[in-house]
Amino acid sequence: MNTRTPADVFDETNPQIERRYLELLARDYPNRYAAFTEIINLQAILNLPKGTEHFISDLHGEYEAFFHILNNCSGVIREKVDAIFKEMSESDKADLCTLIYYPHEKQELLKKEGRLSEEWYRKTLRELIELTKFLSSRYTRSKVRKAIPREFNYIIDELLHAQADEDNNRQRYHSRIYDSIIETGSAHHFVNSLAALIKRLAVDHLHIVGDIFDRGAHPDAIMDALMDYHSLDIEWGNHDMLWMGAAAGSILCIATLIRNNISYGNYELLENGYGISMRSLAMFAEKTYQKEEGISQFAKAIAVIVFKLQGAVIRRHDEFDMQDRLFLDKIDYEKGTVLYDGREYALKTCDFPTIDRLDPYRLSEEEEQICHELRQAFLGSKRLQKHIAFLFSHGSMYRVYNGNLLFHGCIPLNADGTFARVFCDGRFVQGKDYLDRADAIARRGFAERDEDALDYMWYFWCGKWSPLSGRVIKTFERALCQDHSIYEEPRDNYYTHYHKEEVCKMILKEFRLDPERGHIINGHTPIRVKEGESPIRGNGRLLVIDGGFCHAYHKTTGIAGYTLIFNSHELRLKAHRPFTGLENALKGNMDIRSDSYEVESFESRRMVADCDVGVEIRENIESLRKLLKAFREGKIPEKTRRV
């Protein structure tokens, strides 16, 4: 009987295992020259400055604003332009930045205005090369080469590494390259490529801290942009989880998602973006429900389906502790009221023709057929399945990255600030264990279409102890009750205690992070700046960066939200004003106005050696040293170098 564990198999103290590992390593580094060359390269990389990390949260389908923040790297591009071109006028700087953000569109506009010329291209190309040189200094030449768009790889690499010589031969050579670019009509495309490279070098890694979906009209376009991005991770939000559950086949997630899109006025996204027809549901609603002011037939039809399906799931899972979310059996159909917390509240409508008063949570035959059709449509949408598969491959419930802890919602806490024990999928868990278990459940739901896991995916969207939500989402009250006083949604104790430094440090320790240096980076909750709220909590240990992209929040918050920049010098919050649109950006160079707040500056510059990748590099160096020793001792045969 084999009793060896995975740890035994990969234990490098075992000579046989270590030899096999070194033999495999020798396939990539077949001789001592290849090994020590790579050691030299890796040691050099350790001494480069860490790359800039860009944190964005709560995109909520607002593609234009998101794309602009992505393009201007939360103001990093403008800061670099200011640093390099100190003598340039403010208007010329704004022109150059807009060109970098939207190179094709800006050139087309300048062409219409008659402002493009050979001289403009020579001047602009030199400025873009100068900016690219500055940004590329933080990376190895090899990494920069890989980032250069393929069509101009050789030419851009040549221009980036121009050096002065005694007779100015190189300068004449590079000047001739600029002339040739213009003469061959390639300047427009060359500018596009340089702009893409500049944005690529300005940010080394992107973090999306949840909620790509819902509210705004184009989360699909955001997903397409993210799938093209060079390096990123995603921490799932509760709205993302709803779409993930829907794509996995949860009919409750599907119906809830459709109801949300109707509420936000953008259900066309489903038909135009993902090819999911609403025709059967719309026809059913029109023939079944009455026309009334204040609530559409469509909204009534999907709301009733949602609350029936929700009731079935809640009754299947006592551990959800959501029995107080069952309302259909508490409606007085004659009075038009619902019993809620011991009191009766008036409903917006009494038009419920499909509800069986003896069995209110049972779907009618026609509702069952519609649900079946919708489920097949969601499972069959290739674009949706592609997007959600990307969320799973690049996302997770939380992430530990370079000493910081990233998650969208909360870590459920008790009233006294200790970790809440939650009964989840068969056992009690808390803190990190709970988030790990929730992550595994979601992956099981998508991979296996497991019914219990799909129910949990809906729960993670709205449940009382959900780490993604952290509040009781009052779907029924907001959809059907007239009294706004019962709309307030109770929040987890986390949102009271995360102001305390000791609680933030407790959470960081739970995830094996240094409580004195690490930070918790949250999204999910808009910051009410006009009421004096700060995004910095727990004496700087926790940062809330709800991006505020959703227009509906701007009146509440007073700004368009926050993003975060973590570079080799500092950790810096950026507070943004609302984006005024692409047309204003192109014609008036209207960038998103941002205020910058230093959260923490570092006494010594953070290098690659100080990052997670530095740990990996040092481990690789150690392995290569062992391989080099094995070559020298003849334990591993070398292959000759190829000429």
Side-chain angles (χ1 to χ4, degrees), residues 58-66 210-224 236-286 288-289 294-310 348-349 367 370-388 391 454 457-458 460-462 468-469 473-480 487 489 549-553:
D58 295 87
L59 316 178
H60 285 302
E62 298 288 352
Y63 174 72
E64 269 200 359
F66 161 72
D211 277 358
I212 297 164
F213 287 89
D214 281 340
R215 295 197 176 94
H218 296 294
D220 56 328
I222 291 175
M223 287 301 302
D224 286 340
W236 303 325
N238 60 316
H239 288 271
D240 303 324
M241 185 58 65
L242 189 65
W243 283 74
M244 291 157 68
S250 164
I251 188 58
L252 176 52
C253 288
I254 290 169
T256 306
L257 178 161
I258 293 170
R259 198 201 74 81
N260 286 352
N261 277 261
I262 292 170
S263 299
Y264 305 140
N266 59 15
Y267 70 87
E268 290 88 353
L269 161 69
L270 295 168
E271 296 193 318
N272 299 334
Y274 290 117
I276 297 169
S277 175
M278 295 289 106
R279 186 170 181 271
S280 294
L281 179 59
M283 291 176 61
F284 166 74
E286 188 175 348
T288 306
Y289 289 87
I295 182 167
S296 71
Q297 295 161 285
F298 208 166
K300 284 191 282 186
I302 193 63
V304 169
I305 290 173
V306 165
F307 300 130
K308 287 182 176 183
L309 293 168
Q310 184 174 292
K348 294 177 182 178
T349 181
E367 286 170 334
I370 288 168
C371 287
H372 174 74
E373 290 178 11
L374 288 170
R375 185 174 188 272
Q376 294 306 115
F378 271 76
L379 291 174
S381 171
K382 291 182 179 179
R383 191 176 185 218
L384 176 63
Q385 294 297 325
K386 182 180 177 182
H387 285 171
I388 299 305
L391 276 183
L454 295 180
M457 292 175 82
W458 169 79
F460 294 147
W461 173 68
C462 67
L468 298 182
S469 175
I473 296 181
K474 294 193 172 181
T475 312
F476 182 91
E477 295 90 317
R478 291 176 178 271
L480 295 177
Y487 289 6
E489 298 176 333
F549 291 92
C550 182
H551 290 288
Y553 287 155

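Count residues from 1 along the sequence. Only a predicted model underlies this, so the values are computations on that prediction, with no experimental measurement involved.
Proximity of L257 to L270: side-chain heavy atoms (C-beta onward) are separated by under 4.5 Å at one or more points. Contact check for Q310 versus T256: no side-chain heavy atoms found under the 4.5 Å cut-off. For the pair V304/Y289, a side-chain contact is recorded, criterion being any heavy-atom separation below 4.5 Å from C-beta on. Side chains of S280 and E373 form a contact here, defined as non-hydrogen atoms less than 4.5 Å apart. Considering only heavy atoms from C-beta on, F307 comes within 4.5 Å of T475 through its side chain. The closest side-chain heavy-atom distance from E367 to F284 is below 4.5 Å. Proximity of K386 to R383: side-chain heavy atoms (C-beta onward) are nowhere separated by under 4.5 Å. Considering only heavy atoms from C-beta on, H387 stays 4.5 Å or farther from W243 through its side chain.
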Test side chain to side chain contact (heavy atoms under 4.5 Å, CB included) applied to I473 and N238, step by step: CA-CA 11 Å; I473 296 181; N238 60 316; 4.0 Å; yes
Pair M223-L391, side chain to side chain contact (heavy atoms under 4.5 Å, CB included): steps then yes or no: CA-CA 9 Å; M223 287 301 302; L391 276 183; 4.0 Å; yes
Candidate pair L468 and W461, rule side chain to side chain contact (heavy atoms under 4.5 Å, CB included), full reasoning: CA-CA 7 Å; L468 298 182; W461 173 68; over 6 Å; no
Stepwise side chain to side chain contact (heavy atoms under 4.5 Å, CB included) test for C371 and L309: CA-CA 10 Å; C371 287; L309 293 168; 4.3 Å; yes
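Within a 6.0 Å radius of OH in Y267, no more than 12 heavy atoms belonging to other residues, nucleotides or ligands are found. Counting non-hydrogen atoms of other residues, nucleotides and ligands closer than 6.0 Å to CD of E286 gives a total of 12 or fewer.
Of all heavy-atom pairs spanning P219 and F213, the tightest one is CB-CD2, 3.5 Å. Here the shortest heavy-atom pairing between A479 and I295 reads O-CD1, 4.0 Å. Heavy-atom minimum distance, S277 versus L374: O-CD2, 4.1 Å. When all heavy atoms of A247 and L379 are compared, the closest pair comes out as O-CD2, 3.4 Å. Contact detail for L269 and A217: the closest heavy-atom pair is CD1-O, 3.7 Å.
In this structure, the side chain of N266 engages the main chain of R215 through a donor-acceptor pair within 3.5 Å. Judged by distance alone, with hydrogens and angles left aside, the side-chain atoms of D240 form a donor-acceptor pair with the main-chain N or O of I212 at under 3.5 Å. Although no hydrogens or angles enter the test, the distance criterion places no donor-acceptor pair under 3.5 Å between the side chain of R259 and the main chain of I302. Between the H218 side chain and the G61 main chain, no donor and acceptor come within less than 3.5 Å of each other. Between the side chain of E477 and the backbone N or O of Y487 there is no donor-acceptor pair closer than 3.5 Å. At least one donor-acceptor pair closer than 3.5 Å links the side chain of E271 to the backbone N or O of M278. Q385 places a side-chain N or O within 3.5 Å of a backbone atom of F378 that can act as its donor or acceptor partner. When atom types are taken as modelled, the side chain of D211 and the backbone of H239 share a donor-acceptor pair closer than 3.5 angstrom.
Residues that satisfy the salt bridge (charged side-chain N to carboxylate O under 4.0 Å, His left out) test with E489, not counting sequence neighbours, are R471, R478.
To the nearest 0.5 Å, the span separating CG on L252 from SG on C462 amounts to 7.5 Å. To the nearest 0.5 Å, atom CZ of residue F298 and atom CD1 of residue I262 are 4.0 Å apart. Going from atom CG of L480 over to atom NZ of K300 covers 10.0 Å, rounded to the nearest 0.5 Å. Here L59 contributes atom CG and I222 contributes atom CD1; the two are 5.0 Å apart, rounded to the nearest 0.5 Å. With rounding to the nearest 0.5 angstrom, the CE atom of M283 is 10.5 Å from the OG1 atom of T288. Rounding to the nearest 0.5 Å places SG of C253 at 10.0 Å from CE of M244.
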